[in-house]
Amino acid sequence: MLDLTGLSLHFGALRVLDGLDLKVERGEVLGVLGPNGAGKTTLFNVITGVHRPTAGEIRFEGRVIGRQRSWTRCRAGIGRTFQVPKPFTGMTVFDNVLTAAVHGAGLSFRTAARRAGETLELTGLASRSELEAGALSLLDLKRLELAKAVACGPRLLLLDEIAGGLTDRECGTLLSILTTLREREITIVWIEHVLHALKSAATRLAVLHGGRFIADGAPETVLADPTVQDVYLGAVD
Amino acid sequence: MQHPNRLWIVYLARAALFAAAVVMAVAPMLLATRDIAILTEFLSLLTIAIMWNLLAGYADIVSVGQHAFVGVGAYALFGFAAIAHVDPYLAIPLSALVALVVALPVMVIIFRLRTAYLAVGSWVVAETIMLAAGKLSAFGGGSGISLPVSVVRGFGSRVTERYATIYWIAFAVAALALVATWLLMRSRIGLGLTAMRDNEEGAGVVGVNLIGLRVLCFLWTAPFLGLAGAVITLQKLRVSPPASFSIIDWTVYVIFIVVIGGIGSFEGPIIGTVVFFLIREYLSEIGVWHFIILGVLSIAVVLIEPRGLWGLVRRLLPADVIPISRRRRVRR
């Protein structure tokens with residue numbers, strides 16, 4: 001479904017992504033781990049068109065998308081959330097999600113309003129729908145990020161640290177939302193530091209370090225890998 | 001609904017707005033010629049302010065060269081009415097068309113730039129167009145030229161009649177600008193523009209075509225600015241490069257108006273234009289001080305409430321006076 005080959009992004013001498021390869025299959029929940037500064041968010045920025053790659057190829061459902069604009073990729077079926085939420089602060093929560101349904105999914109106002117209502121219900125924001133997004137708490141802003149991404153009707157959903165700071169109960173709710181999304185046949189790539197959440201949802205784990213993947217496979221195998229334990233979980237000397 | 005008990009203020013404001021529109025529609029029957037002249041200027045400046053707000057407040061195109069299109073509209077009106085002898089009433093929409101045509105190459109140039117570079121670039125382009133206009137000998141060159149009496153007579157043989165006609169043209173242009181832009185803001189395009197205003201990157205990843213909306217806004221504003229230029233020319237009865245392409249009158253004042261009234265809101269430019277004319281009419285006898293008051297007011301607004309006077313008022317109100325969001329109509 002998503003195919004990255006030799007993907008590089010350099011800011012001057014800084015190689016944020018360094019010839020990285022990744023394949024994501026339909027129906028997977030791929031968890032992405034990596035220390036701070038490993039290039040995880042940058043990877044999402046390159047996949048969604050916020051940054052153009054310096055080198056390498058991005059294929060989505062077989063088509064090369066490396067030169068497309070972010071809105072074209074969204075409409076093609078790639079949704080994402082931002083680690084630092086990017087709400088439309090002056091609009092109501094409902095209008096935030098409506099915008100995604102109208103522009104991202106290309107729905108008419110009437111259908112988009114229904115989609116927005118359902119998505120707010122799913123993400124637990126229904127009671128907030130008439131509030132201005134600028135008035136939301138951080139937790140609700142993260143929900144709104146998810147709601148906006150889902151309302152675009154993506155087939156591939158990129159989640160950037162949406163479980164950080166959640167209580168166990170809230171985390172449970174989030175996991176059940178992700179289960180619903182999987183039932184809708186949405187493929188998920190999830191960057192997350194909250195390991196227990198990631199372990200219970202991910203069908204596969206990949207570890208990013210220094211701009212490339214150093215491990216990739218079944219969650220247990222990857223977490224048991226000595227290199228991974230060394231760079232990510234902290235070396236025990 | 002944080003302030004349900006204050007909804008009556010919103011209804012009152014809507015009623016006041018409606019009453020003002022009705023009064024303005026029949027103003028020439030009620031007011032003296034001098035007041036009609038001021039109201040005509042008000043309507044022209046309101047049209048320009050609505051357009052600058054759309055560009056800078058929503059589409060993040062902070063242009064300081066929009067006076068170019070006012071000037072192009074002015075010169076086009078003169079060209080059609082005085083040189084080509086086209087019916088003066090037909091010359092008005094034609095001047096909008098010319099402004100739109102000129103906007104195409106201008107857009108290609110300045111859209112290569114962003115932020116501060118765009119601001120400077122748009123200014124340079126506007127200056128260039130003004131200098132080019134000064135080279136047109138049929139338009140009086142650098143010192144300008146008056147509209148021929150025959151053209152002026154076309155709008156009324158007596159002065160009061162002419163003032164009323166030009167006023168109604170200005171009213172029609174401002175009403176068209178206001179209603180058309182309001183409908184635009186209520187469409188899916190307006191939803192995308194509002195999202196873009198609040199967070200560009202966030203808007204892009206939910207499918208809002210940032211480039212497409214910028215192009216649309218730029219091309220949307222040009223013909224309305226051309227119309228405003230035509231109205232201004234009819235009122236001043238002459239064209240000249242420094243007056244028709246005045247950066248002070250058609251850009252600097254307009255920036256003050258939009259910033260004071262509230263950038264990125266539909267109500268802002270209306271409030272700003274009203275405040276500007278109140279300051280100008282009641283404080284102009286104290287001379288240069290009214291400029292200083294204008295400057296201090298806009299700095300104060302930026303520091304206290306970047307969303308302007310309307311932003312201050314809006315905090316206390318439960319709804320917009322001119323509603324753009326359609327959610328209440330589309331929900332369920």
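Chain letters run A, B, ... following the sequence lines, proteins first and then strands; every chain starts at 1. Atom set for the values below is all heavy atoms of this structure, side chains included, hydrogens, waters and symmetry mates excluded.
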Problem - The single option from B:Asn199, B:Thr194, B:Val208 passing side-chain contact (heavy atoms from CB on, under 4.5 Å) against A:Phe88 - result: B:Asn199
Handout entry: B:Gly207 versus A:Cys74, closest heavy-atom pair with distance
Key = N-SG, 3.4 Å
Problem - Student check: side-chain heavy atoms of A:Cys152 and B:Val206 closer than 4.5 Å - result: yes
Handout entry: Among A:Pro87, A:Ala116, A:Ala149, residue most engaged with chain B (heavy-atom pairs, under 4.5 Å)
Key = A:Pro87
Exercise for the section: Hey, could you give me the OG1/CE distance between A:Thr99 and B:Met196, rounded to the nearest 0.5 Å? Expected result: 13.0 Å
Handout entry: Min side-chain heavy-atom separation B:Asn209-A:His103 under 4.5 Å
Key = no
Practice task
Kindly indicate whether the side chain of B:Leu191, heavy atoms from C-beta on, has any atom under 4.5 Å from the side chain of A:Phe109.
Solution key: yes
Handout entry: Atom CH2 of B:Trp123: over 12 foreign heavy atoms under 6.0 Å
Key = no
Handout entry: Inter-residue atom distance A:Thr48.OG1 - B:Glu201.CD, 0.5 Å rounding
Key = 8.0 Å
Exercise for the section: Name the region of A:Val50, side chain, backbone, both or neither, that has any atom closer than 4.5 Å to a heavy atom of chain B. Expected result: side chain
Practice task
Would you indicate whether A:Phe11, at its atom CZ, is surrounded by more than 12 heavy atoms from other residues, nucleotides or ligands within a distance under 6.0 Å?
Solution key: yes
Exercise for the section: Could you tell me whether the side chain of A:Trp71 reaches within less than 4.5 Å of the side chain of B:Val205, counting heavy atoms only? Expected result: no
Practice task
Would you mind checking which part of A:Leu158 comes under 4.5 Å of any heavy atom in chain B, side chain (CB onward), backbone (N, CA, C, O), both or neither?
Solution key: neither
Fill in the blank from the handout: CE of A:Met91 to CD1 of B:Ile324, rounded to nearest 0.5 Å, is 10.0 Å
Exercise for the section: Take atom CZ of A:Arg75 as the centre, draw a 6.0 Å sphere, and report whether it contains more than 12 heavy atoms from other residues, nucleotides or ligands. Expected result: yes
